[in-house]
Participant: 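Below is the structure I would like to discuss, written out as structure tokens.
Whatever order the structure lists ligands and atoms in, that order sets their numbers, starting from 1. These numbers come from the heavy atoms of this one structure, side chains and all, not from hydrogens, waters or symmetry mates.
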Amino acid sequence: MKFFADTAEIEDIKELAATGLLDGVTTNPSLIAKSGRDFMEVTKEICGITDGPVSAEVVALDHEGMMREAEVLRKIADNVCIKVPLTIDGLKTCKALTSDGTMVNVTLCFSANQALLAAKAGATFVSPFIGRHDDNGFDGMDLISDIRLIYDNYAFETEILAASIRHGVHVLQAAKIGADVMTAPPAVIKGLFKHVLTEKGIEGFLADWAKTGQSI
Ligand code: G3P
């Protein structure tokens, strides 16, 4: 499973990249607004930290406008992945961009049929929003399972990018189902490293080691 960081915070991305476990980054207009940074500038900086795909989202709603914005965004770096919403215009744009060799992440996916359309449009990634699905009384994991089944039925190459991940259980469940990628806030990714028994174990080993008076 690939791990993407869902953030536009440079220091967090640097910290995660230093672990060697970061495969890419996703941003969206809300995350850019939260960072307080210039969109183009921060996206360029992120693209320099990771070699993996960096999703940058268009804000136009019509196909022509999306294509114009994508043209600007894809010049930022080779690893920019254009993020488009799951609408008719978004999928038209997806088809045009991927036919031209540009990576596209189709975002705001809330149904398996929408994911089927994204795959038919040649999307590189489709982003089902698990947390927001849960928030609205649906089971986000059922959505991931349905998409996995459909993509496997037809050997679609579109990668399932589990998004709107809120906690470690989401990561675990998405991994068990076989989501290709998960994108999560840095705090959630950092939380995956932790276990109270790991910390307790280290504490016990160090205390016993100190009693030996040895050093390595
Ligand atoms: O980047 C898209 C997605 O991960 C947003 O998550 O927590 O705002 O629903 P959230």
Side-chain angles (χ1 to χ4, degrees), residues 1-13 16-17 21-37 39-40 42-43 45-47 49-50 52-61 66 69-70 73 76 79-87 90-91 93-94 103-112 114-115 118 123-145 147-148 158-175 177 179-192:
M1 183 187 233
K2 292 176 201 165
F3 276 23
F4 289 179
D6 198 27
T7 185
E9 302 300 330
I10 295 294
E11 288 314 311
D12 284 334
I13 296 168
L16 289 169
L21 303 178
L22 188 69
D23 302 297
V25 173
T26 52
T27 67
N28 61 39
S30 305
L31 293 171
I32 296 291
K34 196 171 159 205
S35 76
R37 297 277 311 271
F39 182 27
M40 301 295 287
V42 77
T43 305
E45 209 172 325
I46 296 169
C47 288
I49 300 171
T50 176
V54 175
S55 290
E57 190 159 342
V58 297
V59 289
L61 296 178
M66 286 183 194
E69 291 178 358
L73 296 175
I76 295 176
N79 55 334
V80 165
C81 175
I82 307 298
K83 207 173 183 188
V84 300
L86 211 155
T87 59
L91 292 186
T93 305
C94 172
M103 289 186 288
V104 175
N105 176 358
V106 178
T107 190
L108 291 165
C109 172
F110 291 94
S111 82
Q114 286 183 316
T124 317
F125 304 102
V126 67
S127 292
F129 275 30
I130 297 173
R132 292 192 197 185
H133 215 50
D134 292 351
D135 292 345
N136 284 278
F138 300 95
D139 187 336
M141 286 304 151
D142 281 351
L143 178 58
I144 302 288
S145 300
I147 301 172
R148 182 73 282 156
T158 299
E159 295 188 38
I160 303 173
L161 196 171
S164 188
I165 294 258
R166 302 278 169 77
H167 45 69
V169 177
H170 275 157
V171 179
L172 177 66
Q173 291 173 327
I177 294 165
D180 302 285
V181 192
M182 74 91 196
T183 190
V188 172
I189 299 178
K190 286 183 215 165
L192 300 177

Participant: Assess, by modelled atom type and distance only, whether the side chains of His170 and Asp134 contain a donor and an acceptor separated by less than 3.5 Å.
Facilitator: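 Yes, because at least one side-chain N or O of His170 sits under 3.5 Å from a partner of the opposite role on Asp134.
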
Participant: State plainly whether the residues Lys34 and Glu9 are in salt-bridge range, i.e. N to O under 4.0 Å.
Facilitator: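 Looking at Lys34 and Glu9, the cut-off is not met.
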
Participant: Classify the side-chain pair Thr26/Ser55 by whether it contains a donor and acceptor separated by less than 3.5 Å.
Facilitator: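 No, because no side-chain N or O of Thr26 sits under 3.5 Å from a partner of the opposite role on Ser55.
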
Participant: I'd like to know if the side chain of Asp139 reaches the main chain of Met141, judged simply by a donor and an acceptor atom lying under 3.5 Å from each other, with no hydrogens or angles considered.
Facilitator: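 Between the backbone of Met141 and the side chain of Asp139 there is a qualifying donor-acceptor contact (under 3.5 Å).
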
Participant: Show the protein residues that qualify under the rule heavy atom under 4.0 Å from an atom of ligand 1, listing them in chain and number order.
Facilitator: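 Asp6, Asn28, Lys83, Phe129, Arg132, Ala163, Ser164, Arg166.
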
Participant: Any ion pair linking Lys190 and Asp12 (charged N to carboxylate O, less than 4.0 Å)?
Facilitator: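 Answer for the salt bridge query: yes.
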
Participant: Going by the rule side chain to side chain contact (heavy atoms under 4.5 Å, CB included), which residues pair with Asn28 if we only count those two or more places apart in sequence or in a different chain?
Facilitator: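 Residues passing side chain to side chain contact (heavy atoms under 4.5 Å, CB included) with Asn28: Ser30, Leu31, Glu57, Lys83.
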
